[in-house]
Amino acid sequence: MKISYDKLWKLLIDKKMKKTDLISKANISSNVLARMGREEPVSLESLGKICFLFGCKIDDILEIKSINEGGL
C-alpha cells in the first residue's frame, strides 16, 4: 500500500499556499509534513486538521494506491 498526497500538494498550489502556511494554519508539525513528503502515513488527527482548514474530505487530499499500481 502506498499513500499519495499529490492531491494535497495540488490543492496548496491552487490556494497559493506554501507548505509552511499549511503548518501554521492547520496547526500540524513540520514532522507531519515531512512524513507526507515521503508519502508515509500520518495520524487521522493531522489529516482531520487539514480537512477542516480546507473544508474538504480526506479523499480530497490523499489517495491510497496498491504497490503494484504505476508499475511498482
Side-chain angles (χ1 to χ4, degrees):
M1 176 172 65
K2 179 180 173 186
I3 300 173
S4 171
Y5 297 98
D6 290 344
K7 290 180 177 182
L8 174 60
W9 309 141
K10 183 176 180 333
L11 183 60
L12 288 178
I13 291 168
D14 293 345
K15 300 281 188 183
K16 297 182 177 159
M17 286 179 67
K18 297 178 185 177
K19 291 179 180 180
T20 53
D21 297 331
L22 180 62
I23 290 171
S24 62
K25 292 183 180 192
N27 196 26
I28 59 172
S29 71
S30 58
N31 290 336
V32 168
L33 195 65
R35 290 179 60 87
M36 294 172 96
R38 293 188 303 266
E39 298 187 335
E40 296 176 356
V42 298
S43 72
L44 282 174
E45 180 182 3
S46 297
L47 295 173
K49 289 177 179 182
I50 294 168
C51 289
F52 184 77
L53 173 67
F54 292 119
C56 66
K57 297 181 279 182
I58 287 181
D59 63 343
D60 293 329
I61 62 170
L62 67 83
E63 186 176 8
I64 299 174
K65 300 180 178 184
S66 69
I67 294 175
N68 296 330
E69 205 172 317
L72 297 175

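Numbers for residues simply follow the sequence, beginning at 1.
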Audit row: S29, N31, side-chain hydrogen bond (donor to acceptor under 3.5 Å, both in side chains) steps and yes/no:
CA-CA 5 Å; S29 71; N31 290 336; 4.7 Å; no
Is the shortest heavy-atom distance from the side chain of L53 to the side chain of L22 under 4.5 Å?
yes
Can L12 and D21 be said to form a side chain to side chain contact (heavy atoms under 4.5 Å, CB included), step by step?
CA-CA 9 Å; L12 288 178; D21 297 331; over 6 Å; no
Rounded to the nearest 0.5 Å, how far apart are NZ of K7 and CD1 of I58?
12.0 Å
Please tell me if the side chains of L8 and K19 come closer than 4.5 Å, counting only heavy atoms from C-beta onward.
no
Residues M17, K25; criterion side chain to side chain contact (heavy atoms under 4.5 Å, CB included); working and verdict:
CA-CA 10 Å; M17 286 179 67; K25 292 183 180 192; 3.9 Å; yes
To the nearest 0.5 Å, tell me how far M36 CE sits from S4 OG.
10.5 Å
Can you name the nearest heavy-atom pair linking I23 to S30, along with the distance?
CD1-CA, 3.9 Å
Holding to side chain to side chain contact (heavy atoms under 4.5 Å, CB included), I want the full list of residues that pass it with K57, two or more places apart in sequence or in another chain.
D59, D60
Quick one: pull up CD1 in I61 and CH2 in W9 and give me the separation to the nearest 0.5 Å.
9.5 Å
Report yes if some heavy atom in the side chain of Y5 is under 4.5 Å from a heavy atom in the side chain of L11; otherwise report no.
no
Can you check whether D6 reaches E63 side chain to side chain, under 4.5 Å on heavy atoms?
no
